[in-house]
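Report on the structure given below.
Read the numbers this way: they start at 1 and go in the same order the structure lists the ligands and their atoms.
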Amino acid sequence: MTIPLIEIDGITKIYATTQQPAVDNVTLKVPAGDFIALVGASGSGKTTVMKTINRLIDPDRGEVRIDGAPVSAIDAPQLRRQIGYVFQGAGLFPHMTVAENIAITPRLTGWPAGDIAARTAELLDLVELPQAFGSRLPVQLSGGQQQRVAVARALAARPRIVLMDEPFGALDPVTRDNLGNAYRALHNRLGLTTMMVTHDIQEAILLASRIVIMKGGRIVADVTPKEILKPQSDSDVVALIAVAMRQAAKVREIAGPGNEGQTG
Ligand code: ADP
Ligand code: MG
């Protein structure tokens, strides 16, 4: 049996301010190449789980392993440089140019200047931004373009793992769809392993290979996009997809017979 790339093994996190665990005995094995969508209501523990992977948070109980090695034994800054992280909102440094934002990790890692410049140019191409944008400030870019920069920054040091926390949440639906598809293509092409927090169940269904649903600090479902669309799914799954299913049915109804081809 092969070791999963990421293994979250029975982690519990209780913040000092509350008695209730924010994350309650969560176990999740993520083989290399998986694209996991982590969904669930606000406060269900998604961000906390993600942050235990790159040690922005250490769990009170349980352990996270990468390639079988406990992350607690890896120096946290070093670990973070090996794992791409896309923050909620783009999270770019406003006083730094786009190129400087992208180059943060390579610079911290001590890459030679020439290598950094070459990598920055390569990354702008990868996320399909013009080279000239490198010298702009984030404020001079649209929301979608800023998000592309955030993805480029996360990929700069060639991580195998990318964690994304509601990366496309603030974008309009068309930009969101474009960027989601562009990222999915990168995930495939670069052989990444991705965990993405999203509120949008449709986005989860369209992008992920696995959908993990959290509720009250626990994982309540772990299904494929195909499985989630089956009518006999459990009540937590039903509640989560009810709105999306109703909307899809309504659109089909408005389109009427013979127009199905135009709605997909
Ligand atoms: P999600 O990302 O699903 O919205 P979080 O992991 O951010 O959930 O939060 C889970 C629970 O832990 C929530 O009840 C939240 O209020 C609480 N929490 C998160 N971060 C902290 C913190 N730094 N201090 C205290 N409580 C926190
Ligand atoms: Mg969150």
Counting backbone and side-chain atoms alike, does M50 have an N/O/S atom under 2.8 Å from the Mg ion (ligand 2)? no
To which protein heavy atom is [atom] closest, and what is the distance rounded to 0.1 Å?
atom                    : value
atom 4 (O) of ligand 1  : G43 N, 2.7 Å
atom 8 (O) of ligand 1  : G45 N, 3.1 Å
atom 27 (C) of ligand 1 : Y15 CD1, 3.2 Å
atom 3 (O) of ligand 1  : K46 NZ, 2.8 Å

Is the closest protein non-hydrogen atom to atom 16 (O) of ligand 1 under 4.0 Å? no
For atom 21 (C) of ligand 1, is some protein heavy-atom partner under 4.0 Å away? yes
Hey, is A41 one of the residues with a heavy atom under 4.0 angstrom from ligand 1? yes
Check if S44 has a non-hydrogen atom at a distance under 4.0 Å from any atom of ligand 1. yes
In terms of atom number and element, which parts of ligand 1 are under 4.0 angstrom from non-hydrogen atoms of [X]?
X   : answer
T48 : 5 (P), 6 (O), 9 (O)
T17 : 25 (C), 26 (N)
S42 : 4 (O)

Return yes if a side-chain donor-acceptor contact under 3.5 Å exists between [X] and [Y], otherwise no.
X    : Y    : value
Q131 : D125 : yes
T12  : D60  : no
N178 : T175 : no

For the pair F93 and H95, name the ring-plane relationship: parallel under 30°, tilted 30 to 60°, perpendicular over 60°. perpendicular
If you measure every N or O of A22 against every N or O of ligand 1, does any of those distances drop under 3.5 Å? no
Can a donor-acceptor pair be found, under 3.5 Å and without considering hydrogens, that links the side chain of Q82 to the backbone of L79? no
Treating N101 as the side-chain partner and T97 as the backbone partner, does any N or O pair qualify as donor plus acceptor under 3.5 Å? yes
Select the closest option to atom 7 (O) of ligand 1 among I14, V23, I57, T47, judged by heavy-atom distance. T47
Minimum side-chain heavy-atom gap V71-R65 below 4.5 Å: no
Short N-O contact, D67 and R160, less than 4.0 angstrom: yes
Pair K13 + D24, salt bridge at N-O below 4.0 Å: no
